[in-house]
Amino acid sequence: MILAFPAWRRGFCKTTGSVIDEAFARGHQVHLIHRDEDKPGERVTMIELARRWPAAWISDLGQVSLADALIGPNVDRFRPVGFSGLMYSLDYAWEQVTMVGGNWPTLHLCWASLYQQTLHRSLSPWRNYAGEIVTGSTMLDDFGSPSTIATDVLLFSLKFPRNAGLWRHTWYRYVGYFNLMTALRHFCDRTRRHLIVKTREKNNDPWFVRWLADEIITDDGALWPHVSLDRLRSAALAVHFQSGAALEAASLGVPQLSVHIPHPHLRDYPAHHEVYEASPGMQDWPGVVVGLGWEAAIGYLEDLEVPPPVNREARAAYVKRFLEFDDGRAASRVLDVVESGGS
């Protein structure tokens with residue numbers, strides 16, 4: 001089969017990388033779609049694609065009309081003109097639940113979990129898709145097992161999108177965020193841990209992030225597996241701001257702190273309560289995710305001596321709700337469906 005994948009953003013490759021590798025392993029012809037991308041920190045060059053997948057065809061959207069299937073996140077948004085094959089939409093960090101229902105007779109939805117699929121049906125009851133299947137999360141396929149020696153603290157830096165609100169761009173950017181990072185620095189100094197900050201160009205970090213960190217990492221130069229994956233494996237604690245890192249850390253069984261801050265630009269998104277505010281929920285799950293408001297998180301880190309343990313039963317329940325599977329075979333399930341024509 002000829003399988004086409006959108007590949008002009010790093011986020012796309014994070015979602016499709018395991019499926020592309022599996023497609024090659026099964027003998028399929030892989031076509032990577034490339035176009036210019038202006039989003040900071042997301043742009044992928046054709047050279048990077050050719051280096052990572054040298055056997056793939058690389059071209060623009062206009063040259064994929066002969067593909068049998070188009071596979072990737074949000075493929076309903078950029079269906080190429082003249083393409084008549086089937087489309088398979090993959091979930092990226094639970095974002096697919098925000099997809100508005102519609103009439104897509106050639107689109108198959110691959111869900112991260114049965115709970116996600118059920119939640120989406122309750123939010124978008126009007127729907128006409130070619131098919132739906134629970135495959136698990138392809139972005140977590142290569143996570144494997146955590147390191148037996150956990151020495152690092154990994155902070156996923158805060159984003160500052162234009163529509164995030166005045167409070168985040170002013171007071172929290174220069175005062176609240178600084179106090180949180182200072183408390184995290186104190187924790188690392190007390191426990192003799194290495195503070196790593198995972199960031200991206202688009203995050204527009206304030207100056208003190210690099211000043212307080214021991215090391216800065218980005219995903220530049222890596223498409224799949226992504227750079228932060230190996231560092232998360234060796235983390236004693238992951239800290240993030242209600243991001244998809246919650247799923248990544250939970251998948252590896254790494255202790256984590258989810259810092260809750262206002263998201264006025266996301267309040268109208270479907271499933272906002274489940275993804276950001278529910279307790280237990282993705283960002284606050286006893287025994288798996290410590291979810292605290294930005295002020296309480298500072299005090300928590302100042303008092304913390306040992307990262308909180310992850311409860312095995314709680315993690316199993318968390319994985320079942322948000323990821324369904326824990327076997328690293330999501331890509332295999334996706335291609336089983338593609339090869340069967342969606343049946």
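Reckoned from all heavy atoms, side chains included, excluding hydrogens, waters and symmetry mates. Since the structure is predicted, the reported quantities are computational estimates derived from the model, not experimental observations.
For the side chain to side chain donor-acceptor pair (under 3.5 Å) test, no residue two or more places apart in sequence or in another chain qualifies with N74. Residues passing the salt bridge (charged side-chain N to carboxylate O under 4.0 Å, His left out) test with E95: none are found, sequence neighbours excluded. Scored by the salt bridge (charged side-chain N to carboxylate O under 4.0 Å, His left out) test, E42 finds R200, K202 as partners (sequence neighbours excluded). Applying the salt bridge (charged side-chain N to carboxylate O under 4.0 Å, His left out) criterion to R52, with sequence neighbours excluded, gives D21. Legend: residues meeting salt bridge (charged side-chain N to carboxylate O under 4.0 Å, His left out) with K159, ordered by chain and number and at least two apart, are absent.
Counting heavy atoms from C-beta on, the side chains of Q29 and L3 never come closer than 4.5 Å. Looking only at side-chain heavy atoms (C-beta outward), M139 and L247 stay at 4.5 Å or farther from each other. Residues D36 and R43 form a side-chain contact, since some pair of their non-hydrogen atoms from C-beta on lies under 4.5 Å apart. In this structure, the side chains of C188 and H194 stay at 4.5 Å or more apart for every pair of heavy atoms. T138 has its side chain within reach of V334: a pair of non-hydrogen atoms, C-beta onward, lies under 4.5 Å apart. Looking only at side-chain heavy atoms (C-beta outward), D68 and L86 stay at 4.5 Å or farther from each other. You'll find the side chain of Q117 reaches within 4.5 Å of the side chain of E132, heavy atoms only. A 4.5 Å side-chain heavy-atom check between L109 and W111 finds at least one atom pair inside the cut-off.
Formation of a donor-acceptor pair under 3.5 Å by the W285 side chain with backbone atoms of A314 is found in this model.
A distance below 6.0 Å separates the ring centres of Y318 and F322. Within the 6.0 Å centre-distance limit, the rings of F208 and Y177 are counted as a close aromatic pair.
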For this session: Could you walk me through whether L32 and M46 pass the side chain to side chain contact (heavy atoms under 4.5 Å, CB included) test, one step at a time?
Result: CA-CA 9 Å; L32 302 181; M46 295 180 72; over 6 Å; no

For this session: Evaluate salt bridge (Lys or Arg N to Asp or Glu O under 4.0 Å) for R173 paired with D205, printing each intermediate quantity in order.
Result: CA-CA 9 Å; R173 178 178 175 85; D205 297 318; over 6 Å; no

Problem set entry | Full working for side chain to side chain contact (heavy atoms under 4.5 Å, CB included) between L90 and T16 | CA-CA 8 Å; L90 308 181; T16 62; 4.1 Å; yes

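The pair R329-D336 fails the salt-bridge criterion, with no side-chain N (NZ, NE, NH1 or NH2) lying under 4.0 Å from an Asp/Glu carboxylate O. Looking at R193 and D214, no side-chain N of the basic residue comes within less than 4.0 Å of a carboxylate O on the acidic one, giving no salt bridge.
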Using a 3.5 Å cut-off and no angle test, enumerate the donor-acceptor pairs between side-chain atoms of residues 289-308 and protein atoms at least two apart in sequence or in another chain.
| from | atom 1 | to | atom 2 | distance (Å) |
| --- | --- | --- | --- | --- |
| E302 | OE1 | H186 | ND1 | 3.3 |
| E302 | OE2 | H186 | ND1 | 3.0 |

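Interatomic distance, F178 CZ to L212 CG, rounded to the nearest 0.5 Å: 6.0 Å. Remark: R231 CZ to I217 CD1 distance equals 5.5 Å, nearest 0.5 Å.
Nearest heavy atoms, V97 versus H120: O-CD2, 3.3 Å.
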